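Quick caveat: nothing in here was measured; it's all calculated off a predicted structure.
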Amino acid sequence: VRERNVIAVILTSRGLIFSQTADEILQNLKGIPHKFFFSHRKPLPQCFEDPTREALKDPSITHLWFIEDDMELPPDTLTKLLEADANAITCDYPGNDRGMGTVFYDNGGNVIFCGTGCLLVKREVFASLRKPYFTDKVRWTMLNYGEAIKVVGSNNPSGEGYGMHDVTFGLKLWKTGVMIKVLP
């Protein structure tokens, strides 16, 4: 891990954070320069968008580490993410009670989107993205054609429904050529 890295820890809590998650974040940050950017009592996607914009105002920040308030972070997770030296890198984790992961691939094995529970993104990636970075104004439908999945977006001006900010963010990265890596 290079000394010049300064990590913006984006805690996307809507009001609460599990104490185990907080402890594991602190353990992962030992010896790594960092600054915290919190969200308090803001709904999705504002709990992502607001601290991201604040972090990007600080020119010392080299990476943004998005962590949701209920994650389990094994020791050295952040070190491994940094050592991968990827523009964007995630850890897969169960996204539902059946254990289904949060990383979705295209036919070529490229990540098209992932969850934002543990996602590290280099600062310079945001220069290629339009604001808002995170939005729920698009509803995504996945059409399964057996050999292929077609991703179809439609307007969702009210932001009705839960989330989709992570899908939109991942697809923005994919469309601009920023490949998301997955930490084994």
Side-chain angles (χ1 to χ4, degrees), residues 5-29 32-58 60-74 77-78 80-82 86-97 100-104 111-126 129-140 156 158-174 178 180-183:
N5 291 330
V6 177
I7 309 305
V9 181
I10 309 292
L11 288 170
T12 59
S13 174
R14 285 163 276 156
L16 300 172
I17 185 167
F18 287 93
S19 60
Q20 180 179 339
T21 301
D23 182 52
E24 290 170 356
I25 290 168
L26 294 173
Q27 296 304 316
N28 270 275
L29 288 168
I32 299 174
H34 61 276
K35 297 179 181 182
F36 283 97
F37 295 85
F38 293 95
S39 171
H40 301 286
R41 295 186 179 161
K42 295 198 177 173
L44 291 170
Q46 286 310 119
C47 64
F48 282 83
E49 187 71 18
D50 292 352
T52 297
R53 288 190 187 201
E54 282 302 308
L56 291 172
K57 289 178 186 177
D58 184 334
S60 72
I61 298 299
T62 60
H63 296 75
L64 286 79
W65 188 26
F66 297 93
I67 307 166
E68 293 179 6
D69 50 13
D70 60 351
M71 292 303 298
E72 291 182 22
L73 302 165
T77 298
L78 178 57
K80 291 174 183 174
L81 292 169
L82 287 166
N87 285 325
I89 186 166
T90 188
C91 295
D92 201 2
Y93 53 92
N96 63 26
D97 57 0
M100 185 176 157
T102 60
V103 177
F104 295 84
V111 175
I112 44 176
F113 63 86
C114 63
T116 47
C118 181
L119 175 67
L120 184 71
V121 182
K122 286 185 178 178
R123 172 196 192 88
E124 59 261 22
V125 165
F126 289 89
L129 302 177
R130 290 188 4 218
K131 294 176 188 171
Y133 304 115
F134 297 93
T135 183
D136 58 1
K137 303 301 183 216
V138 181
R139 178 168 306 280
W140 297 101
N156 187 28
S158 68
E160 190 176 309
Y162 183 78
M164 292 295 168
H165 61 285
D166 49 0
V167 176
T168 303
F169 184 72
L171 288 169
K172 282 183 177 190
L173 294 177
W174 186 70
V178 175
I180 302 170
K181 290 187 177 182
V182 180
L183 188 67

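- Val103 and Cys114 get closest at one heavy-atom pair: CG2-CB, 4.0 Å.
- Here salt bridge (Lys or Arg N to Asp or Glu O under 4.0 Å) pairs that include residues 65-74, with residues two or more places apart or in two chains, number zero.
- Summarising the geometry of His165 relative to Pro45, their closest heavy-atom pair is CB-CB, 3.7 Å, with the distance given to 0.1 Å.
- Put simply, the side chain of Asp23 never gets that close to the backbone of Ser19: no donor and acceptor are under 3.5 Å apart.
- Looking at residues two or more places apart in sequence or on another chain, you find a ring pair (Phe, Tyr, Trp, His ring centres under 6.0 Å) between Phe104 and Phe113.
- Residue Trp174 places its CH2 atom among 12 or fewer non-hydrogen atoms of other residues, nucleotides or ligands, all under 6.0 Å distant.
- Atom CG in Asp136 sits 10.5 Å away from atom CE in Met164 (nearest 0.5 Å).
- At least one donor-acceptor pair under 3.5 Å links the side chain of Arg123 to the backbone N or O of Ile61.
- Distance check: Gln20 CD to Gln27 CD gives 11.5 Å after rounding to the nearest 0.5 Å.
- Considering only heavy atoms from C-beta on, Thr135 stays 4.5 Å or farther from Phe169 through its side chain.
- In this structure, the side chains of Ile25 and Leu73 come closer than 4.5 Å at one or more pairs of heavy atoms.
- With a 4.5 Å cut-off on side-chain heavy atoms, Leu64 and Val125 do not count as touching.
- Partners of Lys131 according to the side-chain hydrogen bond (donor to acceptor under 3.5 Å, both in side chains) rule, which considers only residues two or more places apart in sequence or in another chain, do not exist here.
- A 4.5 Å side-chain heavy-atom check between Thr102 and Asp92 finds at least one atom pair inside the cut-off.
- Nearest heavy atom pair, residue Thr77 against residue Cys91, reads CG2-SG, 3.8 Å.
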What do the steps show when you test Leu173 against Leu129 for side chain to side chain contact (heavy atoms under 4.5 Å, CB included), and what is the final call?
-> CA-CA 8 Å; Leu173 294 177; Leu129 302 177; 3.9 Å; yes

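- Ring geometry, Phe36 versus Phe38: the interplanar angle falls under 30°, so the pair is classed parallel (tilted spans 30 to 60°).
- In this structure, CG in Asn5 is found 4.0 Å from OG1 in Thr62, a value given to the nearest 0.5 Å.
- In terms of the ring pair (Phe, Tyr, Trp, His ring centres under 6.0 Å) criterion, Tyr93 has no residue partners (sequence neighbours excluded).
- In this structure, Phe126 has its ring center closer than 6.0 angstrom to the ring center of Tyr133.
- Rounded to the nearest 0.5 angstrom, Glu54 CD and Thr52 OG1 are separated by 10.0 Å.
- Side chains of Trp65 and Cys118 form a contact here, defined as non-hydrogen atoms less than 4.5 Å apart.
- By the 4.5 Å heavy-atom criterion applied to side chains, Thr90 and Leu120 are not counted as neighbours.
- At least one side-chain heavy atom of Val111 sits less than 4.5 Å from a side-chain heavy atom of Val182.
- At a threshold of 4.5 Å between non-hydrogen side-chain atoms, the residues Asn87 and Val121 do not count as touching.
- Rounding to the nearest 0.5 Å places OG1 of Thr12 at 12.5 Å from CD of Glu49.
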Going through the checks in order, is the side chain to side chain contact (heavy atoms under 4.5 Å, CB included) test met by Ile32 and Ile7?
-> CA-CA 8 Å; Ile32 299 174; Ile7 309 305; 3.7 Å; yes

Please step through side chain to side chain contact (heavy atoms under 4.5 Å, CB included) for the pair Leu29 and Leu78, ending with a clear verdict.
-> CA-CA 7 Å; Leu29 288 168; Leu78 178 57; 3.5 Å; yes

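- Shown here are the side-chain hydrogen bond (donor to acceptor under 3.5 Å, both in side chains) partners of Asp58, two or more places apart in sequence or in another chain: Lys35, Ser60.
- A distance of 7.5 Å separates CD1 in Ile10 from CG in Leu56, rounded to the nearest 0.5 Å.
- Ser39 places no side-chain N or O within donor-acceptor distance of the main-chain N or O of Pro51, the cut-off being under 3.5 Å.
- The ring pair (Phe, Tyr, Trp, His ring centres under 6.0 Å) check on Phe66 picks up Phe134, with sequence neighbours excluded.
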